[in-house]
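Since the structure comes first, as structure tokens, the remarks are kept for the end.
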Amino acid sequence: MTSESRLGVVVLAAGSGQRLGFGIPKAQVLLGDEPILRHALSGVVAAGVADAIVVALPSTDAGDGAALREVVETFRAEHPGAPWSLSVVEGGATRSDSVARALTVLDDVEHVLVHDAARPLVPVQVFQRVADALRAGARAVIPAIPVVDTIKQVHAGHGADAEIAPELVTGNIARETLRAVQTPQGFSLAALRAAHEDARYLDDRQAAAITDDAMLLESRGIPVHVVAGSSYSLKITTAVDLILAEGLLEGPLAGRWVGEA
Ligand code: CTP
Ligand code: MG
């Protein structure tokens with residue numbers, strides 16, 4: 001791996017944000033004064049790792065993608081002479097489809113980071129740790145944090161048990177062995193492309209069980225390296241997450257996120 005090796009960043013913003021429930025794409029929802037997508041783009045650029053940025057947006061046919069396209073155009077216009085390119089693709093029906101579509105327009109890069117716009121406050125250090133691991137030779141690298149909750153396996157209760165409570169505990173998983181996985185996830189572009197090529201042959205049930213890109217590479221026997229993520233990298237899924245993110249942005253911790261490791 002040479003220091004010249006170029007890196008692309010896919011920013012996924014083509015989801016509809018059903019669980020957030022604002023009736024507009026999640027990436028368009030304001031966090032503080034700015035759309036979530038704009039925060040995500042600012043984070044990518046502040047990290048200084050990207051040569052090419054590709055943003056997956058909802059279809060403009062449905063009217064949904066137009067405002068987000070404007071966010072991207074404005075961001076580009078604000079950075080004349082930037083050392084990175086910024087382009088847009090139409091996303092697909094699933095997150096994985098959106099990744100696959102974005103990969104079709106990335107060609108002159110050796111590595112790619114796949115990042116959820118729904119994680120708008122990822123510290124620059126996390127991007128850099130992932131990029132560093134790729135430069136050091138990893139073909140797949142994910143940021144993750146320890147799990148703080150005790151995790152139990154359950155199954156549905158039956159008969160008399162079901163009348164008391166809906167589920168029964170069947171087992172425990174040692175917490176020290178678990179990690180909560182975040183984005184950006186980093187890959188060799190060739191390895192990620194090959195993995196997505198394979199994924200085209202999965203049936204719907206198998207495809208639904210693949211919830212991140214790293215799983216696709218694991219199934220091809222490629223080692224997935226783990227670097228430290230951050231609690232600032234929270235994913236905005238429901239309204240509670242938006243309140244937490246507002247707190248990180250404007251509350252007592254405001255301004256500290258870039259310095260957080
Ligand atoms: N995403 C995407 N294309 C899709 C689905 C999701 O690019 N077809 C992106 C989302 O925009 C988000 C990330 O993948 O940045 C993680 O997805 P999620 O948190 O599930 O977002 P949404 O799918 O928008 O939310 P919901 O599932 O609640 O509708
Ligand atoms: Mg979703």
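Just the heavy atoms: all of them, side chains too, but no hydrogens, waters or symmetry mates, feed the values below. In this text the structure is predicted, and so the values were computed from the model without any measurement. Note that ligands are numbered from 1 as they come in the structure, with each ligand's atoms numbered from 1 the same way.
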Quick one: are [X] and [Y] in side-chain contact, heavy atoms under 4.5 Å?
X: R101; Y: E90; value: yes
X: R38; Y: E78; value: yes
X: L216; Y: D198; value: no

Taking every heavy atom of P120 against every heavy atom of L234, the minimum-distance pair comes out as CD-O, 4.2 Å

What one should report as the nearest heavy-atom pair of A138 and H225 is CB-CD2, 3.5 Å

- Determine whether any heavy atom of S16 lies closer than 4.0 Å to an atom of ligand 1. yes

Any heavy atom of G91 closer to ligand 1 than 4.0 angstrom? no

What is the closest protein heavy atom to [atom], and at what distance does it sit?
atom: atom 21 (O) of ligand 1; answer: K26 NZ, 3.1 Å
atom: atom 29 (O) of ligand 1; answer: Q18 N, 2.7 Å
atom: atom 15 (O) of ligand 1; answer: L12 O, 2.7 Å
atom: atom 27 (O) of ligand 1; answer: R19 NH2, 2.9 Å
atom: atom 13 (C) of ligand 1; answer: D116 OD1, 3.4 Å
atom: atom 3 (N) of ligand 1; answer: S98 OG, 2.7 Å

With heavy atoms and a 4.0 Å threshold, my read on which part of T94 contacts ligand 1 is backbone

From atom 17 (O) of ligand 1, is the closest protein heavy-atom distance below 4.0 Å? no

Exactly one of I142, V122, V141, V114 clears side chain to side chain contact (heavy atoms under 4.5 Å, CB included) with P184, and that residue is V122

Looking at [X] and [Y], would you say the former's side chain and the latter's main chain have a donor-acceptor pair under 3.5 Å?
X: R6; Y: D108; answer: yes
X: S98; Y: G92; answer: yes
X: R129; Y: A228; answer: yes

Below 4.0 angstrom from a heavy atom of [X], which ligand 1 atoms are there? Numbered from 1 as shown, please.
X: K235; value: 18 (P), 19 (O)
X: A13; value: 7 (O), 11 (O)
X: A117; value: 15 (O)
X: A93; value: 8 (N)

Which is it for H196 and D213 under the side chain to side chain contact (heavy atoms under 4.5 Å, CB included) test, yes or no, and what are the steps along the way?
CA-CA 8 Å; H196 272 270; D213 296 280; 2.8 Å; yes

Before signing off on this row, confirm whether G17 and ligand 1 have an N or O atom pair separated by under 3.5 Å. yes

Report yes if some N/O of T237 lies less than 3.5 Å from some N/O of ligand 1; otherwise report no.
no

Judged by heavy atoms only, the candidate from R101, E90, R95, R119 nearest atom 4 (C) of ligand 1 is R95

Candidates A14, G92, S96, G15; heavy atom nearest atom 8 (N) of ligand 1 found on G92

Distance col, row L30:CG vs E246:CD, nearest 0.5 angstrom, shows 8.5 Å

